[in-house]
Amino acid sequence: MSTTKKVTFTAVAVGIGLVALSACGSSDSGSGTSDSKSVTLVSHDSFNVSKDVLKAFEKRSGYKVNVLKDGDAGAAVNKAILSKDNPQGDVFFGVDNTLLSRALDNGLFQSYEAKGSEKIKPEFRVDQDKHRVTPVDSGDICVNYDKKYFEEKKLAPPKSFDDLAEPQYKDLLVTENAATSSPGLGFLLGTAAAYGDGGWEGYWKKLKANGVKVVDGWEQAYNEEFSGSAGGKKAKGDRPLVVSYASSPPVEVLYAKPQPKQAPTGVATGTCFRQVEYAGLLSNAKNEKGGKALLDFLAGREFQEDMPLNMFVNPVREGTKLPELFTEHGVTVDKPETLAPKKIADNREPWIKSWTSLVLK
(Lines give C-alpha, C1' and ligand atoms only; values in the text may rest on other atoms or scores of the structure.)
Protein backbone atom coordinates (compact mmCIF):
# COMPACT_ATOMS: atom_id res chain seq x y z
CA MET A 1 0.00 0.00 0.00
CA SER A 2 2.42 2.64 -1.21
CA THR A 3 1.45 6.02 -2.58
CA THR A 4 2.42 4.81 -6.05
CA LYS A 5 0.94 1.34 -6.06
CA LYS A 6 -2.27 0.49 -4.30
CA VAL A 7 -2.31 -3.09 -3.05
CA THR A 8 -5.44 -4.90 -2.10
CA PHE A 9 -5.40 -8.29 -0.44
CA THR A 10 -7.72 -10.94 0.98
CA ALA A 11 -11.35 -9.85 1.33
CA VAL A 12 -10.88 -6.13 0.93
CA ALA A 13 -13.96 -4.05 1.66
CA VAL A 14 -16.42 -6.88 1.21
CA GLY A 15 -20.07 -6.04 0.69
CA ILE A 16 -22.40 -8.80 1.79
CA GLY A 17 -25.73 -7.51 0.52
CA LEU A 18 -27.35 -9.13 -2.51
CA VAL A 19 -26.43 -7.49 -5.78
CA ALA A 20 -28.16 -7.41 -9.12
CA LEU A 21 -27.03 -9.85 -11.76
CA SER A 22 -26.56 -7.00 -14.16
CA ALA A 23 -23.74 -5.59 -12.06
CA CYS A 24 -21.01 -7.06 -14.20
CA GLY A 25 -17.46 -7.41 -12.93
CA SER A 26 -14.26 -6.70 -14.78
CA SER A 27 -12.25 -9.48 -16.35
CA ASP A 28 -8.52 -9.83 -16.85
CA SER A 29 -8.88 -12.12 -19.80
CA GLY A 30 -12.54 -12.21 -20.67
CA SER A 31 -15.23 -14.58 -19.48
CA GLY A 32 -16.94 -17.59 -20.91
CA THR A 33 -15.61 -21.11 -20.98
CA SER A 34 -17.30 -22.89 -23.86
CA ASP A 35 -13.83 -23.57 -25.33
CA SER A 36 -12.60 -26.75 -23.64
CA LYS A 37 -9.04 -25.44 -23.91
CA SER A 38 -9.87 -22.57 -21.56
CA VAL A 39 -10.99 -22.50 -17.95
CA THR A 40 -12.46 -19.52 -16.11
CA LEU A 41 -11.77 -18.62 -12.49
CA VAL A 42 -14.34 -16.30 -10.93
CA SER A 43 -12.97 -14.41 -7.95
CA HIS A 44 -13.10 -11.28 -5.85
CA ASP A 45 -10.85 -8.41 -6.90
CA SER A 46 -7.99 -9.46 -4.62
CA PHE A 47 -6.98 -12.60 -6.49
CA ASN A 48 -3.41 -12.39 -7.74
CA VAL A 49 -0.78 -14.83 -8.98
CA SER A 50 2.68 -14.40 -10.50
CA LYS A 51 2.61 -14.50 -14.30
CA ASP A 52 5.33 -17.15 -14.54
CA VAL A 53 3.52 -19.41 -12.07
CA LEU A 54 0.26 -19.13 -13.99
CA LYS A 55 2.00 -19.68 -17.33
CA ALA A 56 3.68 -22.80 -15.97
CA PHE A 57 0.27 -24.22 -15.04
CA GLU A 58 -1.16 -23.33 -18.45
CA LYS A 59 1.74 -25.02 -20.23
CA ARG A 60 1.55 -28.11 -18.05
CA SER A 61 -2.25 -28.50 -18.17
CA GLY A 62 -2.97 -27.26 -21.67
CA TYR A 63 -5.66 -24.85 -20.42
CA LYS A 64 -5.72 -21.10 -20.88
CA VAL A 65 -6.86 -19.52 -17.62
CA ASN A 66 -9.33 -16.64 -17.78
CA VAL A 67 -9.65 -14.70 -14.53
CA LEU A 68 -12.94 -12.90 -13.97
CA LYS A 69 -12.56 -10.50 -11.07
CA ASP A 70 -16.11 -9.83 -9.99
CA GLY A 71 -16.01 -7.10 -7.36
CA ASP A 72 -15.57 -7.52 -3.64
CA ALA A 73 -15.93 -10.98 -2.10
CA GLY A 74 -19.43 -10.68 -0.68
CA ALA A 75 -20.86 -9.25 -3.88
CA ALA A 76 -19.03 -11.86 -5.95
CA VAL A 77 -20.42 -14.70 -3.81
CA ASN A 78 -23.96 -13.39 -4.07
CA LYS A 79 -23.73 -12.90 -7.82
CA ALA A 80 -22.36 -16.42 -8.21
CA ILE A 81 -25.32 -17.79 -6.23
CA LEU A 82 -27.82 -15.87 -8.35
CA SER A 83 -26.19 -17.11 -11.58
CA LYS A 84 -25.48 -20.69 -10.47
CA ASP A 85 -27.71 -22.23 -13.17
CA ASN A 86 -25.68 -20.46 -15.85
CA PRO A 87 -22.37 -19.69 -14.13
CA GLN A 88 -19.89 -17.14 -15.36
CA GLY A 89 -17.03 -19.59 -15.00
CA ASP A 90 -15.88 -22.99 -13.83
CA VAL A 91 -14.23 -22.36 -10.46
CA PHE A 92 -15.03 -19.78 -7.80
CA PHE A 93 -12.31 -18.59 -5.41
CA GLY A 94 -12.74 -16.31 -2.43
CA VAL A 95 -15.70 -17.45 -0.36
CA ASP A 96 -14.53 -17.33 3.25
CA ASN A 97 -15.67 -18.94 6.48
CA THR A 98 -17.95 -16.00 7.33
CA LEU A 99 -20.04 -16.59 4.18
CA LEU A 100 -19.36 -20.28 3.43
CA SER A 101 -22.70 -21.53 4.73
CA ARG A 102 -24.54 -19.18 2.38
CA ALA A 103 -22.71 -20.63 -0.61
CA LEU A 104 -23.15 -24.26 0.42
CA ASP A 105 -26.81 -23.89 1.39
CA ASN A 106 -27.54 -22.39 -2.02
CA GLY A 107 -25.88 -25.21 -3.95
CA LEU A 108 -23.11 -23.07 -5.43
CA PHE A 109 -20.56 -25.89 -5.69
CA GLN A 110 -20.40 -29.50 -6.83
CA SER A 111 -18.27 -32.18 -5.22
CA TYR A 112 -14.60 -32.57 -6.09
CA GLU A 113 -11.68 -33.53 -3.88
CA ALA A 114 -8.63 -31.71 -5.22
CA LYS A 115 -5.41 -33.64 -5.70
CA GLY A 116 -3.10 -32.91 -2.81
CA SER A 117 -5.96 -32.23 -0.41
CA GLU A 118 -4.33 -34.60 2.06
CA LYS A 119 -1.52 -32.04 2.35
CA ILE A 120 -3.91 -29.33 3.57
CA LYS A 121 -3.65 -28.77 7.31
CA PRO A 122 -6.51 -30.58 9.07
CA GLU A 123 -7.73 -27.49 10.94
CA PHE A 124 -8.73 -25.86 7.65
CA ARG A 125 -10.67 -28.77 6.17
CA VAL A 126 -14.45 -28.51 6.09
CA ASP A 127 -17.32 -30.29 4.34
CA GLN A 128 -15.31 -33.52 4.40
CA ASP A 129 -18.28 -35.70 3.51
CA LYS A 130 -19.01 -33.92 0.23
CA HIS A 131 -15.77 -32.07 -0.63
CA ARG A 132 -17.57 -29.14 -2.20
CA VAL A 133 -14.82 -26.65 -1.34
CA THR A 134 -11.03 -26.71 -1.16
CA PRO A 135 -9.25 -24.56 1.45
CA VAL A 136 -6.78 -22.21 -0.26
CA ASP A 137 -5.52 -19.65 2.26
CA SER A 138 -5.94 -18.24 5.74
CA GLY A 139 -5.41 -14.87 7.34
CA ASP A 140 -6.13 -13.05 10.56
CA ILE A 141 -8.29 -9.94 10.85
CA CYS A 142 -6.66 -7.84 13.58
CA VAL A 143 -6.31 -4.30 14.82
CA ASN A 144 -3.18 -2.64 13.41
CA TYR A 145 -1.47 0.30 15.09
CA ASP A 146 0.71 3.21 14.01
CA LYS A 147 4.03 2.67 15.79
CA LYS A 148 5.18 6.28 15.40
CA TYR A 149 2.02 7.68 17.00
CA PHE A 150 2.30 5.53 20.11
CA GLU A 151 6.03 6.16 20.44
CA GLU A 152 5.55 9.91 20.23
CA LYS A 153 2.68 9.82 22.73
CA LYS A 154 4.67 7.50 25.01
CA LEU A 155 1.58 5.32 25.11
CA ALA A 156 1.65 1.54 24.94
CA PRO A 157 -0.38 0.25 21.99
CA PRO A 158 -3.42 -1.91 22.82
CA LYS A 159 -2.99 -5.65 22.96
CA SER A 160 -6.53 -6.96 23.42
CA PHE A 161 -10.20 -6.30 22.79
CA ASP A 162 -10.51 -5.10 26.38
CA ASP A 163 -7.77 -2.52 25.86
CA LEU A 164 -9.61 -0.89 22.96
CA ALA A 165 -12.41 0.20 25.28
CA GLU A 166 -10.02 1.88 27.75
CA PRO A 167 -10.06 5.72 28.07
CA GLN A 168 -6.49 6.15 26.80
CA TYR A 169 -7.58 4.85 23.40
CA LYS A 170 -10.64 7.09 23.06
CA ASP A 171 -11.23 8.35 19.48
CA LEU A 172 -8.29 6.35 18.10
CA LEU A 173 -9.93 3.31 16.42
CA VAL A 174 -11.49 3.12 12.97
CA THR A 175 -13.25 -0.05 11.84
CA GLU A 176 -15.33 -1.14 8.88
CA ASN A 177 -19.07 -1.58 8.69
CA ALA A 178 -19.91 -5.18 9.60
CA ALA A 179 -22.79 -5.10 7.12
CA THR A 180 -20.67 -4.06 4.13
CA SER A 181 -17.14 -5.25 4.81
CA SER A 182 -15.46 -8.61 5.37
CA PRO A 183 -12.87 -7.34 7.87
CA GLY A 184 -15.64 -5.39 9.60
CA LEU A 185 -17.71 -8.56 9.86
CA GLY A 186 -14.67 -10.54 10.97
CA PHE A 187 -13.99 -8.04 13.74
CA LEU A 188 -17.60 -8.31 14.90
CA LEU A 189 -17.35 -12.11 14.90
CA GLY A 190 -14.10 -11.87 16.84
CA THR A 191 -15.84 -9.92 19.59
CA ALA A 192 -18.74 -12.38 19.58
CA ALA A 193 -16.27 -15.23 20.03
CA ALA A 194 -14.41 -13.38 22.78
CA TYR A 195 -17.39 -12.18 24.81
CA GLY A 196 -20.08 -14.71 23.92
CA ASP A 197 -23.74 -14.29 23.03
CA GLY A 198 -24.45 -12.36 26.19
CA GLY A 199 -21.43 -10.08 26.16
CA TRP A 200 -20.52 -8.79 22.73
CA GLU A 201 -23.30 -6.20 22.56
CA GLY A 202 -22.21 -4.67 25.86
CA TYR A 203 -18.65 -4.57 24.57
CA TRP A 204 -19.70 -2.66 21.46
CA LYS A 205 -21.60 -0.17 23.59
CA LYS A 206 -18.29 0.51 25.35
CA LEU A 207 -16.47 0.87 22.02
CA LYS A 208 -19.08 3.30 20.76
CA ALA A 209 -18.81 5.35 23.94
CA ASN A 210 -15.04 5.31 23.46
CA GLY A 211 -15.30 6.96 20.06
CA VAL A 212 -14.90 4.14 17.56
CA LYS A 213 -15.33 5.42 14.00
CA VAL A 214 -17.11 3.23 11.43
CA VAL A 215 -16.58 3.56 7.67
CA ASP A 216 -17.97 1.52 4.80
CA GLY A 217 -14.95 -0.60 3.90
CA TRP A 218 -11.31 -1.53 4.35
CA GLU A 219 -10.01 0.72 1.58
CA GLN A 220 -11.34 3.84 3.28
CA ALA A 221 -10.40 2.72 6.77
CA TYR A 222 -6.84 1.68 5.98
CA ASN A 223 -5.80 3.96 3.13
CA GLU A 224 -7.62 7.13 4.19
CA GLU A 225 -8.34 7.12 7.94
CA PHE A 226 -5.38 5.17 9.35
CA SER A 227 -2.37 7.33 10.14
CA GLY A 228 0.11 4.43 9.93
CA SER A 229 -0.32 3.40 6.28
CA ALA A 230 1.36 5.04 3.30
CA GLY A 231 -2.04 5.94 1.88
CA GLY A 232 -3.30 7.20 5.22
CA LYS A 233 -0.30 9.48 5.65
CA LYS A 234 -0.94 10.98 2.23
CA ALA A 235 -4.63 11.44 3.08
CA LYS A 236 -3.71 12.89 6.50
CA GLY A 237 -5.57 10.14 8.34
CA ASP A 238 -5.78 10.76 12.07
CA ARG A 239 -6.76 7.36 13.47
CA PRO A 240 -3.72 5.37 14.74
CA LEU A 241 -5.75 2.16 15.19
CA VAL A 242 -7.49 0.31 12.35
CA VAL A 243 -9.11 -3.06 11.76
CA SER A 244 -7.00 -4.72 9.06
CA TYR A 245 -4.90 -7.90 8.81
CA ALA A 246 -1.93 -9.49 10.55
CA SER A 247 -0.26 -9.48 7.13
CA SER A 248 -0.57 -5.71 6.63
CA PRO A 249 2.89 -4.81 8.03
CA PRO A 250 4.81 -6.74 5.31
CA VAL A 251 2.82 -4.84 2.67
CA GLU A 252 3.98 -1.52 4.11
CA VAL A 253 7.59 -2.73 3.87
CA LEU A 254 7.42 -4.36 0.43
CA TYR A 255 6.01 -1.35 -1.41
CA ALA A 256 7.91 1.40 0.41
CA LYS A 257 10.78 3.12 -1.38
CA PRO A 258 13.28 2.72 0.15
CA GLN A 259 12.20 -0.29 2.15
CA PRO A 260 12.43 0.31 5.91
CA LYS A 261 14.25 -2.14 8.15
CA GLN A 262 11.16 -2.41 10.32
CA ALA A 263 7.48 -2.15 9.48
CA PRO A 264 5.91 1.18 10.49
CA THR A 265 2.81 -0.64 11.75
CA GLY A 266 2.21 -3.31 14.36
CA VAL A 267 -0.52 -5.80 15.19
CA ALA A 268 -2.54 -6.16 18.39
CA THR A 269 -2.51 -9.96 18.47
CA GLY A 270 -5.24 -10.18 21.10
CA THR A 271 -7.80 -8.72 18.69
CA CYS A 272 -7.63 -11.28 15.88
CA PHE A 273 -10.23 -13.42 14.13
CA ARG A 274 -9.15 -16.25 11.82
CA GLN A 275 -10.41 -16.03 8.23
CA VAL A 276 -10.14 -18.95 5.77
CA GLU A 277 -10.81 -18.71 2.03
CA TYR A 278 -12.02 -21.56 -0.16
CA ALA A 279 -12.40 -22.41 -3.83
CA GLY A 280 -14.89 -24.78 -5.44
CA LEU A 281 -16.01 -26.27 -8.74
CA LEU A 282 -19.15 -24.37 -9.70
CA SER A 283 -22.38 -26.27 -10.23
CA ASN A 284 -23.13 -26.45 -13.96
CA ALA A 285 -19.55 -25.49 -14.86
CA LYS A 286 -19.07 -25.84 -18.61
CA ASN A 287 -15.51 -27.14 -18.29
CA GLU A 288 -15.52 -29.49 -15.32
CA LYS A 289 -12.26 -31.18 -16.31
CA GLY A 290 -10.46 -27.86 -16.60
CA GLY A 291 -12.02 -26.66 -13.35
CA LYS A 292 -10.74 -29.72 -11.52
CA ALA A 293 -7.24 -29.14 -12.88
CA LEU A 294 -7.42 -25.53 -11.71
CA LEU A 295 -8.48 -26.58 -8.19
CA ASP A 296 -5.54 -29.01 -8.12
CA PHE A 297 -3.30 -26.05 -8.99
CA LEU A 298 -4.72 -23.82 -6.23
CA ALA A 299 -4.06 -26.54 -3.66
CA GLY A 300 -0.60 -27.32 -5.05
CA ARG A 301 2.79 -26.31 -3.69
CA GLU A 302 3.68 -23.90 -6.53
CA PHE A 303 0.61 -21.70 -6.08
CA GLN A 304 0.68 -21.99 -2.28
CA GLU A 305 4.27 -20.73 -2.17
CA ASP A 306 3.41 -17.90 -4.56
CA MET A 307 0.50 -16.51 -2.51
CA PRO A 308 2.12 -14.74 0.46
CA LEU A 309 3.66 -11.83 -1.46
CA ASN A 310 0.87 -11.64 -4.02
CA MET A 311 -2.26 -11.80 -1.86
CA PHE A 312 -0.65 -11.40 1.58
CA VAL A 313 -2.29 -14.46 3.06
CA ASN A 314 -0.98 -17.65 4.62
CA PRO A 315 -0.86 -20.92 2.68
CA VAL A 316 -2.85 -23.83 4.07
CA ARG A 317 -0.67 -26.59 2.63
CA GLU A 318 1.64 -28.30 5.08
CA GLY A 319 5.36 -27.70 4.60
CA THR A 320 4.93 -24.62 2.39
CA LYS A 321 7.96 -22.34 2.53
CA LEU A 322 7.22 -18.69 3.34
CA PRO A 323 9.17 -15.73 1.88
CA GLU A 324 11.65 -14.10 4.27
CA LEU A 325 10.01 -10.67 4.02
CA PHE A 326 6.66 -12.18 4.95
CA THR A 327 8.02 -13.97 8.01
CA GLU A 328 10.32 -11.15 9.10
CA HIS A 329 7.66 -8.44 9.13
CA GLY A 330 4.49 -10.48 9.47
CA VAL A 331 2.96 -11.53 12.76
CA THR A 332 2.13 -15.04 13.87
CA VAL A 333 -1.15 -15.18 15.73
CA ASP A 334 -1.04 -18.18 18.02
CA LYS A 335 -4.54 -17.94 19.48
CA PRO A 336 -6.93 -16.15 17.12
CA GLU A 337 -10.63 -16.08 17.89
CA THR A 338 -12.64 -18.58 15.85
CA LEU A 339 -16.26 -19.63 15.49
CA ALA A 340 -17.73 -22.85 14.15
CA PRO A 341 -19.26 -22.46 10.67
CA LYS A 342 -22.70 -23.43 12.02
CA LYS A 343 -22.44 -20.79 14.73
CA ILE A 344 -21.68 -18.19 12.09
CA ALA A 345 -24.49 -19.44 9.84
CA ASP A 346 -27.06 -19.35 12.63
CA ASN A 347 -26.12 -15.93 13.98
CA ARG A 348 -24.52 -13.87 11.21
CA GLU A 349 -27.59 -11.98 10.06
CA PRO A 350 -29.11 -11.40 13.55
CA TRP A 351 -25.73 -10.23 14.85
CA ILE A 352 -25.29 -7.81 11.95
CA LYS A 353 -28.77 -6.43 12.54
CA SER A 354 -28.13 -5.96 16.27
CA TRP A 355 -24.69 -4.46 15.61
CA THR A 356 -26.18 -1.97 13.16
CA SER A 357 -28.78 -0.85 15.69
CA LEU A 358 -26.19 -0.55 18.45
CA VAL A 359 -23.37 1.16 16.61
CA LEU A 360 -24.78 3.05 13.63
CA LYS A 361 -28.02 4.44 15.06
Side-chain angles (χ1 to χ4, degrees), residues 1 11 139-178 181-196 199-215 217-218 220-233 236-253 260 262-275 312 329-339 355 358-360:
M1 277 150 308
D140 294 303
I141 296 168
C142 312
V143 169
N144 284 208
Y145 59 86
D146 179 354
K147 289 180 179 179
K148 183 179 179 181
Y149 174 91
F150 288 97
E151 289 169 359
E152 290 179 347
K153 297 292 183 180
K154 294 181 170 53
L155 176 64
K159 296 180 179 179
S160 66
F161 287 117
D162 283 348
D163 288 347
L164 296 173
E166 293 296 325
Q168 61 266 38
Y169 304 112
K170 186 176 177 62
D171 298 329
L172 301 188
L173 174 65
V174 58
T175 188
E176 301 84 1
N177 189 331
S181 164
S182 180
L185 176 57
F187 188 59
L188 166 59
L189 295 178
T191 63
Y195 297 104
W200 73 265
E201 291 177 313
Y203 173 74
W204 275 96
K205 288 178 182 178
K206 292 179 181 178
L207 275 190
K208 185 176 182 180
N210 212 37
V212 64
K213 184 174 184 177
V214 179
V215 297
W218 177 88
Q220 181 182 355
Y222 192 89
N223 278 332
E224 296 179 21
E225 302 287 345
F226 179 45
S227 62
S229 70
K233 288 183 176 71
K236 301 188 184 303
D238 61 0
R239 295 267 165 161
L241 298 173
V242 65
V243 173
S244 190
Y245 295 85
S247 55
S248 298
V251 182
E252 293 295 336
V253 174
Q262 292 188 346
T265 59
V267 175
T269 56
T271 65
C272 301
F273 179 78
R274 177 63 49 86
Q275 184 180 55
F312 299 94
H329 300 288
V331 176
T332 300
V333 182
D334 294 323
K335 295 181 179 180
E337 298 291 347
T338 60
L339 285 171
W355 179 90
L358 280 171
V359 181
L360 299 185

S.K.: Between atom SG of Cys272 and atom CD of Glu337, what is the distance when rounded to the nearest 0.5 Å?
M.R.: 9.0 Å

S.K.: Quick check, are the ring centers of Trp204 and Phe161 under 6.0 angstrom apart?
M.R.: no

S.K.: Measuring from Glu252:CD to Ser247:OG, what's the distance to the nearest 0.5 Å?
M.R.: 11.0 Å

S.K.: Can you name the one residue among Val333, Val143, Val243 that meets side chain to side chain contact (heavy atoms under 4.5 Å, CB included) with Thr271?
M.R.: Val143

S.K.: What pairs with Phe273 under ring pair (Phe, Tyr, Trp, His ring centres under 6.0 Å), at least two apart in sequence or on another chain?
M.R.: none

S.K.: Measure the acute angle between the ring planes of Tyr222 and Trp218, then classify it against the limits of 30° and 60° as parallel, tilted or perpendicular.
M.R.: parallel

S.K.: Looking at Lys170 and Gly211, what are the two nearest heavy atoms and their distance?
M.R.: NZ-N, 4.4 Å

S.K.: For Ala263 and His329, which heavy atoms make the closest approach, and how far apart are they?
M.R.: N-ND1, 3.8 Å

S.K.: When you compare the side chains of Gln275 and Ser182, does any donor N or O come within less than 3.5 Å of an acceptor on the partner?
M.R.: yes

S.K.: Who passes ring pair (Phe, Tyr, Trp, His ring centres under 6.0 Å) against Tyr195, sequence neighbours left out?
M.R.: Tyr203

S.K.: Between atom CG of Asn177 and atom CG of Leu188, what is the distance when rounded to the nearest 0.5 Å?
M.R.: 10.0 Å

S.K.: Apply side-chain contact (heavy atoms from CB on, under 4.5 Å) to Thr175 and Val242, showing your working.
M.R.: CA-CA 6 Å; Thr175 188; Val242 65; over 6 Å; no

S.K.: Please name the pair of heavy atoms, one in Lys233 and one in Gly228, separated by the smallest distance, quoted to 0.1 Å.
M.R.: NZ-O, 2.9 Å

S.K.: Using distance alone, with no hydrogens and no angle criterion, decide if Ser227 and Asp146 have a side-chain donor and acceptor under 3.5 Å apart.
M.R.: yes

S.K.: Backbone N or O of Lys206 within a donor-acceptor pair of the Asn210 side chain at under 3.5 Å?
M.R.: no

S.K.: Roughly how far, to the nearest 0.5 Å, is CG of Leu155 from OH of Tyr149?
M.R.: 7.0 Å

S.K.: Nearest 0.5 angstrom please: Leu164 CG to Leu172 CG, how far?
M.R.: 9.5 Å

S.K.: side-chain contact (heavy atoms from CB on, under 4.5 Å), that's the test. Do Trp355 and Leu360 meet it? Break it down for me.
M.R.: CA-CA 8 Å; Trp355 179 90; Leu360 299 185; 3.8 Å; yes

S.K.: Decide yes or no on side-chain contact (heavy atoms from CB on, under 4.5 Å) for Glu201 and Leu358, but give the supporting numbers first.
M.R.: CA-CA 8 Å; Glu201 291 177 313; Leu358 280 171; 3.5 Å; yes

S.K.: Just wondering, are more than 12 heavy atoms of other shown residues or ligands nearer than 6.0 Å to NZ in Lys208?
M.R.: yes

S.K.: What are the two closest heavy atoms between Pro336 and Asp140, and how far apart are they?
M.R.: CB-OD1, 3.6 Å

S.K.: Tell me, yes or no, whether the heavy-atom count around Gln262 atom CD, taken from other residues, nucleotides or ligands under 6.0 Å, exceeds 12.
M.R.: no

S.K.: Provide the closest heavy-atom pair for Glu176 versus Gly217 in the form atom of the first, atom of the second, distance.
M.R.: CG-C, 3.4 Å

S.K.: With a 4.5 Å cut-off on side-chain heavy atoms, are Val251 and Val253 touching?
M.R.: no

S.K.: Taking all atoms of both residues into account, what is the closest heavy-atom pair of Val267 and Cys142, and its distance?
M.R.: CG1-CB, 3.6 Å

S.K.: Start with the C-alpha distance between Lys147 and Tyr145, add both sets of side-chain angles, then the distance that settles side-chain contact (heavy atoms from CB on, under 4.5 Å), and finish with yes or no.
M.R.: CA-CA 6 Å; Lys147 289 180 179 179; Tyr145 59 86; 3.9 Å; yes

S.K.: Could you check Glu224, Gln220, Arg239 and say which one makes a side chain to side chain contact (heavy atoms under 4.5 Å, CB included) with Val174?
M.R.: Arg239

S.K.: Apply side-chain hydrogen bond (donor to acceptor under 3.5 Å, both in side chains) to Lys213 and list each qualifying residue two or more places apart in sequence or on a separate chain.
M.R.: Glu225

